[in-house]
A.B. asks: 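I'd like to ask you about the structure that follows.
We're numbering straight along the sequence, starting at 1. Numbering of ligands and ligand atoms starts at 1, following listing order.
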Amino acid sequence: MEIRINHLTKTFPGNPKKNIPDTTAVNDFNIVVPDGTLLGLLGPSGCGKSTTLYMISGLKQPTEGEIWFGDEDVTHLAPEKRGIGLVFQNYALYPHMTVYDNVKFPLTNLNVKRTKKAQKTIDALTILDLLEHNLDEIVKMEQESVYNNKISKSAFARKMVFRFHIVTSLANTIFSYGLSRVEGDEREAKLSEAKAKLNAAIAAEKEALEKKGFSINDKYEVLDANGAVIEENRKLTKDEIDALVQETARLVQIDQYLERKPSELSGGQQQRVAIARALVKKPRVLLLDEPLSNLDARLRLQTREEIRRIQRETGITTVFVTHDQEEAMSISDKIVVMKQGIKMQEDAPQEVYRNPNSLFVAKFLGNPPINVFKGSIKKGTLYIGEEKICKNKAFKEDKDVYVGIRPEGFLCDEHTKEEDKVLSLDVQAIQTMGRDMSLVCDSACKDGDALIKIIIDSEIKVGVGVNKFAIRPTKMFVFDGKSEERIYLED
Ligand code: ATP
């Protein structure tokens with residue numbers, strides 16, 4: 001489902017009596033999230049990311065603008081009618097409910113349009129197939145677990161559900177035959193009896209439908225007298241709910257924790273339960289608000305991979321809000337960088353990193369961050385301090401500029417020509433980190449207090465003290481000293 005946002009604006013009214021001005025949290029915001037992709041909404045605290053997400057969800061109403069899901073204008077639709085799944089940073093699970101009940105919760109009282117199915121036939125055929133092909137395994141599972149009293153009947157059912165991807169009530173039916181309690185001919189007799197019952201149930205359903213002039217097609221859908229599928233608007237049955245909970249639990253890999261309470265799970269597992277709860281209704285759109293920020297570093301990495309996998313497997317259009325650039329870069333098909341309610345740049349993560357359009361975006365992406373120098377343009381030449389860096393046709397007027405150079409943008413190896421080494425830096429510390437080496441340098445022209453960080457090949461010979469460096473043209477960006485917008489160099 002494509003999401004399209006046109007001229008979205010949200011202004012929170014201030015309070016003139018208390019001298020609190022209006023706050024425009026989101027300002028004329030436009031984006032398109034293509035169907036099946038993951039968009040990372042990235043920006044510093046207070047830039048309007050959450051407000052944008054809440055407007056997409058319907059929890060907040062825009063002051064102006066439109067939100068479209070596919071060809072449906074949802075701008076004024078209530079949240080529950082939008083078909084969204086929401087995940088917050090603080091999971092918000094119900095502590096007194098089991099994981100199973102937490103995931104199930106959104107499905108209770110849900111009215112859905114369904115095609116009428118010959119469910120008794122489907123269930124009977126499923127069991128017949130299991131008895132035909134997996135009888136030994138079923139008997140063994142039943143014997144080992146229940147009759148050795150190792151696990152409860154419901155835990156056994158769960159095991160069957162897990163192994164054969166069936167609903168709990170079918171597992172209970174199979175258990176009720178008690179096939180593991182008898183052997184040899186006795187078991188054969190019990191089995192025949194069970195099969196006869198199942199076949200009778202299939203025949204009975206067919207007969208009952210035929211009496212009404214209905215029939216069943218090869219997908220086990222019920223057809224009316226005209227051969228058309230019958231659709232009905234109704235609540236989900238217990239089995240349908242069970243199947244959806246089990247399917248979603250498997251997808252997010254929490255199927256082994258369904259009996260536990262949230263307090264018996266790790267943070268990462270709890271967050272997966274929250275994701276399952278958001279997905280169980282098969283929403284059109286998944287909205288995630290800083291879903292990883294309560295997790296420790298290791299779990300954050302793992303859960304982020306999980307979210308990516310789940311998103312790819314389901315193909316669900318997703319908007320992911322974060323202030324962590326690394327997180328957004330690693331997970332997103334496209335990122336949007338926001339500042340004070342305004343979209344600064346939008347593109348594939350690597351493209352935004354390679355080609356930032358402003359000093360703000362350049363500084364926001366990259367770890368270690370970009371190095372920023374105060375520079376100037378004089379008569380078509382770029383200077384950092386007194387050092388001439390390069391000439392370019394784009395340097396039309398004399399002005400102050402910022403020069404951003406990525407940590408990997410410096411060269412000082414023996415193949416670099418001396419005349420290309422244009423920038424002097426005072427190397428203060430050298431740390432070798434395997435293949436790479438990190439140089440910490442000072443410069444009188446650096447912008448702000450942060451020292452310059454350079455990453456180069458650890459084979460390169462460089463010593464502490466003043467060294468001269470060449471600059472890789474693709475790793476250097478020049479920004480206007482006032483507007484902080486990029487001055488694009490010409491070939
Ligand atoms: P964070 O990463 O800290 O969650 P954010 O980018 O999600 O930040 P928002 O929560 O969208 O930012 O807030 C954007 C701006 O709107 C902020 O300046 C905030 O103070 C303001 N704001 C948010 N909600 C309200 C409100 N109900 N009333 C007034 N101002 C609000």
A.B. asks: Between E327 and T322, do the side chains contain an N or O donor and an N or O acceptor separated by less than 3.5 Å?
C.D. replies: yes

A.B. asks: Roughly how far, to the nearest 0.5 Å, is the NZ atom of K339 from the OG atom of S358?
C.D. replies: 7.0 Å

A.B. asks: Has K378 got its NZ or CZ under 6.0 Å from the middle of the six-membered ring of Y383, at an angle within 45 degrees of the ring axis?
C.D. replies: yes

A.B. asks: Report all protein residues having a heavy-atom distance below 4.0 Å to some atom of ligand 1; order the list by chain, then number.
C.D. replies: F12, T23, A25, P44, S45, G46, C47, G48, K49, S50, T51, E290

A.B. asks: Could you work out, with salt bridge (charged side-chain N to carboxylate O under 4.0 Å, His left out) as the rule, every residue matching E72, not counting sequence neighbours?
C.D. replies: R284

A.B. asks: Using a strict 4.0 Å threshold on nitrogen-to-oxygen distance, state whether R308 and D333 make a salt bridge.
C.D. replies: yes

A.B. asks: Do D239 and T237 have a side chain donor and acceptor closer than 3.5 Å?
C.D. replies: no

